[in-house]
Structure formats: C-alpha cells, structure tokens
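Predicted, not measured: the structure shown is a model, and the values here were computed from it. In what follows, chains are A, B, ... by sequence order, proteins preceding strands, each numbered from 1. Side chains are part of it too, since the values below use all heavy atoms of this structure and drop only hydrogens, waters and symmetry mates.
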There are 2 protein chains.
Amino acid sequence: MAKTGPSRLERRVSVIKALAHPSRLAIAEALQNGEQCVCDLRDLVDSDLSTVSKHLAIMREAGLLDMEKRGLKVFYRLRCPCLLSFFECVDQLSAKSPSAPSSRDACRSR
Amino acid sequence: MAKTGPSRLERRVSVIKALAHPSRLAIAEALQNGEQCVCDLRDLVDSDLSTVSKHLAIMREAGLLDMEKRGLKVFYRLRCPCLLSFFECVDQLSAKSPSAPSSRDACRSR
DNA sequence: AGACTATTTGGCTATTTGGCCAAGTAAAGC
DNA sequence: GCTTTACTTGGCCAAATAGCCAAATAGTCT
C-alpha cells in the first residue's frame, strides 16, 4: 500500500504558496466578507480574467477555496475562516522593520 | 512627506512568501524548538550552505527571524511564536483533498 | 439552433526564484 | 600574521511562476 502522496510539509507549502502573491492574498482577504464571483474578483485585482481564473485554480487546488456555479456565474468562498488569525500572526511579523534593534518583542506573547 | 513604502498587502505577502518554500518552512518549524546555528539548519534541509544562507536572508528580511553572531557561529531564532497558530490554520486547510464533496466543514468554526 | 455571457484552458514569452560554485568576510586558534 | 571554521555574497544557469492572448466550454436567452 504505497499511498505516499505529498508530505505534511509539502501540503503546508502548497497552502502557503497559494497565499504568497499580492492578487491571491487580496482575493483571500476579500472573501473574508463572503463569497464573490470571478468577475467581481477581477475588478478587485484588476488583471485579465484568465489570470484571475488561474489564481483561483491555484487557491482551490491548495484547499483554500470552494467554488459553486450558479447560473452563468461561478462563486468562490473561503473554506476556512481561520485565515483571520493567520493574518494577525502575519501582521505581527511584518509590523516591525527587518531585524531592527528593538524589535525583539514584536509579539507580546513570549 | 511621501513616506509611502510597501503597503500592508505587500508586507503580508513578503512574510508569507518567506514561508512558501519547503526548506524555509522546515527551518521555521525547527526554530519553534529554539534557536539554531546555520550549520545545524544546513544539516536539517540538506542543501548547500550558501543556499541555506540565502533562505535565511529572505526570512530575516521578511521579519520572521532574528540573528545573533556568537563566536564563529550565527544563531537564528523566530521573532514570533505565533507561527504555531498559523500552522494550525494551514493544516486545517490542507487536511482535506481539494474541493472534495464533504469538505465544507474542514474547520469546525463556521 | 444561434447569440451572448461568464469562466476555464492552452500556448507562448517574460520575469522571478532556486541552487550551485567560487570568492569574500569575520572571528578564533596557533 | 597565517590557517581554519562558519558564514555571506556575487555570478551564472535551470526551473518555476505570472500574465497575456486566443480558443474552448458551459449556461442563458431568444
């Protein structure tokens, strides 16, 4: 039963990669307020529809998004609201300038 | 005072990008157990020392790591322990197969 | 069926990223 | 001051990623 598949590390990386792009991150942020169709998201990130569609495919394959077709439109939504806490962590890390002198306590929890 | 600098989105992206690579993520995970020197981390990810050093620079510039030179060795440590909760979120997202039928409740908190 | 709208997919190039080697720097030991 | 150890930096090439256009698909409407 050689059901090896991607390791935990690889799965983690694919989720993180799916957020590691300005347009994709902006999409994830926007979807925190509820589902949106592809054309709305295209307006948000202002790039070609095909480009947006490919970004969404990456996020979907990483497990970030669910899609649902209703009529002509396809609606995407976050599969997990835990992104909120995820972003809080990211913001704490990005709050201070890189390795600045007094940055040792960028997060209070230490 | 045109002190624009990188936007919040760009800063978030740079933190996330710094984790979006198997070696870098493995390093971040390892550092959850405390600081390590570069040569230890090189053993961990098993690539050229120069490659590891560049990975560490990326993580440092993103604000993820602090470095400290003691004697000949350079020690790196996480600047923020909130990565734990970050990874919990990532794991919830990566736990289920992409958009599988019954995956709507990959996270209980909904 | 044909036209129209919304989205995805394929193909192509341009840019970015990753990794190795070689050279450079910095602290320690002799 | 020369050697060794521990790392960083620069250069170069290969591979991955991003974005655009054109073509394909799917659902609506007439």
Side-chain angles (χ1 to χ4, degrees), chain A residues 6-7 9-28 30-31 34-77 98-99, chain B residues 6-7 9-28 30-31 34-77 98-99:
Chain A
S7 67
L9 185 71
E10 285 162 338
R11 277 180 282 117
R12 280 184 169 184
V13 167
S14 82
V15 171
I16 296 174
K17 269 192 183 168
L19 290 166
H21 182 286
S23 297
R24 294 198 294 263
L25 187 56
I27 287 170
L31 293 180
E35 64 175 19
Q36 307 238 313
C37 69
V38 182
C39 51
D40 288 343
L41 295 170
R42 198 217 49 189
D43 293 344
L44 175 75
V45 303
D46 193 38
S47 27
D48 194 90
L49 195 53
S50 70
T51 301
V52 175
S53 180
K54 280 176 187 176
H55 283 313
L56 290 169
I58 289 168
M59 298 174 80
R60 196 161 21 89
E61 272 148 38
L64 272 171
L65 305 182
D66 276 325
M67 73 190 292
E68 186 183 348
K69 185 154 193 173
R70 292 206 296 274
L72 274 179
K73 294 187 174 181
V74 178
F75 291 87
Y76 280 86
R77 60 180 163 261
S99 277
Chain B
S7 68
L9 185 71
E10 286 163 338
R11 280 181 280 117
R12 281 183 167 183
V13 167
S14 82
V15 171
I16 296 173
K17 270 192 182 168
L19 290 167
H21 183 284
S23 298
R24 294 199 293 265
L25 187 56
I27 288 170
L31 293 179
E35 64 175 20
Q36 307 238 310
C37 69
V38 182
C39 50
D40 289 342
L41 295 170
R42 197 217 48 187
D43 294 344
L44 175 76
V45 304
D46 193 40
S47 28
D48 195 272
L49 194 53
S50 70
T51 301
V52 175
S53 181
K54 281 177 185 173
H55 282 314
L56 290 168
I58 290 168
M59 297 174 81
R60 194 160 23 85
E61 273 149 36
L64 271 172
L65 305 182
D66 276 326
M67 74 190 292
E68 185 182 349
K69 183 154 194 173
R70 292 204 297 273
L72 274 179
K73 294 187 173 179
V74 178
F75 291 88
Y76 280 86
R77 60 178 164 262
S99 277

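The distance between atom CD of B/Glu10 and atom C1' of C/dT16, rounded to the nearest whole Å, is 16 Å. Rounded to an integer number of Å, the gap from CG of A/Asp43 to C1' of C/dT5 is 15 Å. If you take NZ of B/Lys73 and C1' of C/dG29, they are 16 Å apart, rounded to a whole angstrom. Atoms CE (A/Met59) and C1' (C/dT8) sit 17 Å apart, rounded to a whole Å. Between A/Glu68 atom CD and C/dA6 atom P there is a gap of 18 Å when expressed in whole angstrom units. Following rounding to the nearest Å, B/Gln36 (CD) and D/dA6 (P) show an atom-to-atom distance of 15 Å. To the nearest angstrom, P of C/dT7 lies 10 Å from CG of A/Leu56. Taking atom CG on A/Leu41 and atom P on C/dA6, their separation rounds to 14 Å, with Å as the unit.
Remark: A/Asp43 CG is packed, more than 12 non-hydrogen atoms of other residues, nucleotides or ligands lying under 6.0 Å away.
At distances below 3.5 Å, at least one donor-acceptor pair connects side-chain atoms of A/Arg24 with backbone N or O atoms of A/Ala18.
Not one side-chain nitrogen or oxygen of B/His21 sits closer than 4.0 Å to the OP1 or OP2 atom of D/dA16. Between B/Arg24 and C/dG18 there is a side-chain N or O to OP1 or OP2 distance below 4.0 Å. When the side-chain nitrogen and oxygen atoms of B/His55 are compared with OP1 and OP2 of C/dG19, one or more of them lie within a distance under 4.0 Å. Considering only side-chain N and O atoms, B/Ser53 lies under 4.0 angstrom from the phosphate OP1 or OP2 of D/dT8.
Here C/dC21 is the nucleotide among D/dT8, C/dC21, C/dT7 with the atom lying nearest to any side-chain atom of B/Asp48.
Contact annotation for B/Lys54: base contact, defined as any heavy-atom pair under 4.0 Å involving a base atom. Residue A/Ser23 is classed as having no contact, given no heavy-atom separation below 4.0 Å to the nucleic acid.
With the nearest nucleotide of DNA chain C identified for both A/Val52 and A/Leu72, A/Leu72 has the one nearer the 5' end. In this structure, A/Lys17 and A/Ser47 both approach DNA chain D, and ranking their closest nucleotides by distance from the 5' end singles out A/Lys17. Toward the 5' end of DNA chain D, the nearer of the two residues A/Ala20 and B/Tyr76, judged by each one's closest nucleotide, is B/Tyr76. The residue among B/Thr51 and B/Arg70 whose nearest nucleotide of DNA chain C is located toward the 5' end is B/Thr51.
Across A/Cys37 and A/Lys73, no two heavy atoms sit closer than the pair SG-CD, 4.0 Å.
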Given side-chain contact (heavy atoms from CB on, under 4.5 Å), test A/Leu31 with A/Leu41 step by step and report yes or no.
CA-CA 9 Å; A/Leu31 293 180; A/Leu41 295 170; 4.3 Å; yes

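A cation-pi contact, defined as under 6.0 Å to the ring centre and within 45° of the axis, is absent between B/Arg60 and B/Tyr76.
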